[in-house]
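Nothing here was measured: the structure is a model prediction, and the numbers come from that model.
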Amino acid sequence: PIPLTFTRRQVWHAAHRSMGTLRGADQMPAPAHAHVPAPVHPGRGHEHAAHAREASGPARATRHWDSWGSLSGREKASVVMLVALYMAQAIPTRLLGKSLEIVLNERGLLASRDLGLLHLAWIPYAFKLLWAPVVDALHVPAIGRRKQWIAFTQILLVGLLWHAAAMVDGIFSGAETSKVFLAAIVFLVNALAATQDIAVDGWAFTLFTEAHVDWGTTAQHIGLTLSEFFAQTIFPILNSESFCDEHIHPLLGTPPGPILELGPLLRAIATAMLAGTVALAIMKAEEPAPARSGSIRQAYASLWRIVAQPDFMCLALLLPALRVGYTTDSELTGLRLQTRGFRQDQKAILSCLQTVMKLSLGVGVVHWLQGRQPLLVLLRATSVRLVLAVCNLCVVYLYPFDGAWLAIGALAFVQTGCMAVAGACTNIFYSRISDPDLGGMHLTALFTLSNLSLWLTGLLPRALVYLLDTIASLFQSPDTTAPAADWYYAIALVAIPAGGAILARLLPVAARLQARPRPWRVAPGPAPAPGSRAPM
């Protein structure tokens, strides 16, 4: 009989095998009981990233959690190493993503074209599954299957970060520096970080015994959360000239100005990464790579069977369509508020509170979703996001006003709750429908849909801003320009009603996908017995 669902450990095994090794399902043990699955972490992506990450947190396992004291000394060192590796790949990408946009916007250096260029640089995370089998197959046995890729990408990242730091310094100093070239550097940084992410995920699976394998997910969560906290809270606060002049410099008696600049920070991170790479090469040995259970051609053939599945294609259209209505709010509202006077340090403090809320909601949302239909709950969360988009549009239009901070904070907390619910819904739905005969390849392909939908819908309002700005410039004299933020209201007022109409049309589609027998069989195998599926 085909199990209804999988325990968290089995889902973690499946996802990380596919992201790191793409091995077959013969290595995944069959569950003894049916459990409501806890969410798993998807492949890493833009803001940060993705919905599935934001809702996760360390999910509650279906067995007793092993304490830190139960780990061996070698496993404790592995946890510390994994946290450092996840931070090494996440901090630079986050600093050169949203943080760079915020700094450029605060200094009046963010043009409409730059919005799309910097977002295009995130495309490697949306498609990293395409070269995951190559990362798994090509290695030098004397070095190690994953260690060689990690060291290779880290060394290249060090050089790119030094070059990016010089370009950022040139832009801030008023020098003629091409932002297209900077976006190309950011693209390469993201491509290398995504490649390292594949290798680290595969290595994490081999570093722990069966009883302690959940610590790999915990290390991932800690590393990514700390990276997000540093890039979106600590750095914006210490880079804010007004905050430093009001609260830090009078206390320390130091000269005015930002304490932390992006260029010197990137150089310091590059130096730390180089030292960490040397330490990794000397101090950490990798176990001999086991024999592969399939060829690269077989892995790509399995991927093709997955993406050619009609329900998979329907889901691939459903996910980005759900985000159409509120994508302008999620991508441009923060920048628009900043241009109207909402300070960078205020936003950073709010992000800090949201991070605490994300961590506290992780397990609670999962338990709340038990016994519910996750895809239909996702549609309800989307409808709330549309209402929040209308509220945020009004706040931006009226800002500044009395009680603005309270209104912005309240809306941000409700939005964080919706994101937690949406992420948990997609995680649970994916874990229920993934085909166990494909190991974790099916699950990772599903998570790729989430990353791809985030990237595509994030690009849409940015591309529209640039297109409308370009069209408007054709009807203006050369001495005048139309600010990119002027198109925020027009795009939002079109997107929100369109999103509501799309949501109404997608309700029967989501209900059909929800009622589909699970798991979604892709690989050849015995058909599920009639009546063996309980309604989700």
Side-chain angles (χ1 to χ4, degrees), residues 41 44-57 83 86-107 110 115 118-119 121-122 125 161 164 168 186 189-190 193 220-244 247-248 258-266 268-269 329-339 342-362 392 405 408-409 411-413 415-420 423 451 454-455 458:
H41 295 280
R44 249 69 53 204
H46 177 214
E47 78 188 89
H48 351 332
H51 277 306
R53 271 188 193 151
E54 295 182 14
S56 55
V83 170
Y86 282 120
M87 292 182 66
Q89 72 193 38
I91 290 180
T93 56
R94 281 163 168 75
L95 287 175
L96 292 173
K98 285 287 187 182
S99 298
L100 178 60
E101 283 186 355
I102 291 173
V103 175
L104 289 174
N105 189 54
E106 185 176 7
R107 304 190 184 191
L110 189 66
L115 289 171
L118 292 175
H119 192 74
W122 281 92
Y125 269 102
L161 289 179
V168 168
V186 176
V189 169
N190 285 318
Q220 175 200 47
H221 175 71
I222 293 173
L224 296 179
T225 303
L226 291 177
S227 301
E228 180 180 357
F229 180 76
F230 177 81
Q232 298 184 10
T233 302
I234 301 299
F235 170 72
I237 288 177
L238 297 182
N239 184 253
S240 173
E241 185 174 357
S242 58
F243 182 87
C244 293
H247 303 286
I248 299 180
I259 293 179
L260 205 56
E261 292 282 3
L262 184 55
L265 177 60
L266 290 175
I269 292 173
D329 176 44
S330 61
E331 296 294 329
L332 300 181
T333 294
L335 295 175
R336 181 56 175 160
L337 272 174
Q338 193 177 11
T339 61
F342 192 69
R343 294 186 340 210
Q344 178 180 336
D345 56 292
Q346 293 175 318
K347 184 177 180 181
I349 294 173
L350 187 60
S351 297
C352 179
L353 299 177
Q354 286 180 282
T355 301
V356 175
M357 185 176 180
K358 291 176 189 177
L359 295 174
S360 61
L361 284 176
N392 283 329
W405 171 260
I408 293 172
L411 291 174
F413 283 126
Q415 180 174 323
T416 302
C418 289
M419 292 167 66
N451 291 335
L454 281 170
W455 180 80

* Please assess N451 against Y125 for the test side chain to side chain contact (heavy atoms under 4.5 Å, CB included), listing each intermediate value before the final yes or no. => CA-CA 7 Å; N451 291 335; Y125 269 102; 5.8 Å; no
* **Partners passing side-chain hydrogen bond (donor to acceptor under 3.5 Å, both in side chains) against Q415 (at least two apart in sequence or in another chain)** => none
* To do: Begin with the C-alpha distance, continue with both residues' side-chain angles, and end with the deciding distance and a verdict on side chain to side chain contact (heavy atoms under 4.5 Å, CB included) for L266 and L96.
  => CA-CA 9 Å; L266 290 175; L96 292 173; 3.9 Å; yes
* Within-4.5 Å side-chain heavy-atom neighbours: L454 and W122 -> no
* **Residue pair V186 / A121: nearest heavy atoms and the distance that separates them** => CG1-CB, 3.7 Å
* To do: Nearest 0.5 Å please: distance from the OG1 atom of T225 over to the CE atom of M87.
  => 10.5 Å
* Any Lys/Arg nitrogen of K98 or E331 sitting under 4.0 Å from an Asp/Glu carboxylate oxygen of the other? -> yes
* Does the side chain of P92 reach to within under 4.5 Å of the side chain of I269, using non-hydrogen atoms? -> yes
* Nearest-0.5 Å distance, CD1 of residue I91 to CD of residue E228 -> 11.5 Å
* How long is the gap from CG on L100 to CG on L104, to the nearest 0.5 Å? -> 4.5 Å
* Sub-4.5 Å side-chain heavy-atom contact between L226 and Y86 -> no
* Would you say the side chain of L265 lies within less than 4.5 Å of the side chain of N239, judging by non-hydrogen atoms? -> no
* Contact summary for N105 and L335, nearest pair of heavy atoms -> ND2-O, 3.2 Å
* Is any side-chain heavy atom of V103 closer than 4.5 Å to a side-chain heavy atom of V168? -> no
* Asked: Counting N and O atoms only, with roles assigned by atom type, does the side chain of Q354 sit under 3.5 Å from a partner on the main chain of T416, one being a donor and the other an acceptor?
  -> no
* Structure fact -> Residues passing the side-chain hydrogen bond (donor to acceptor under 3.5 Å, both in side chains) test with D329, sequence neighbours excluded, are T333, N392
* Asked: Rounded to the nearest 0.5 Å, how far apart are OG of S240 and CZ of F235?
  -> 10.5 Å
* Is there side-chain contact between T339 and R336, with at least one heavy-atom pair below 4.5 Å? -> yes
* Asked: How long is the gap from CZ on R343 to CD on E241, to the nearest 0.5 Å?
  -> 11.5 Å
* Which pair of non-hydrogen atoms, one from L110 and one from E101, has the smallest distance, and what is that distance? -> CD2-O, 3.9 Å
* To do: Give, for atom CG of L350 and atom CD1 of I408, the distance between the pair rounded to the nearest 0.5 Å.
  => 8.0 Å
* Structure fact -> Nearest heavy-atom approach of S227 to G223 is OG-O, 2.7 Å
* Asked: Considering all heavy atoms of both residues, which atom of S99 and which atom of A231 are nearest to each other, and what is their separation?
  -> OG-O, 2.7 Å
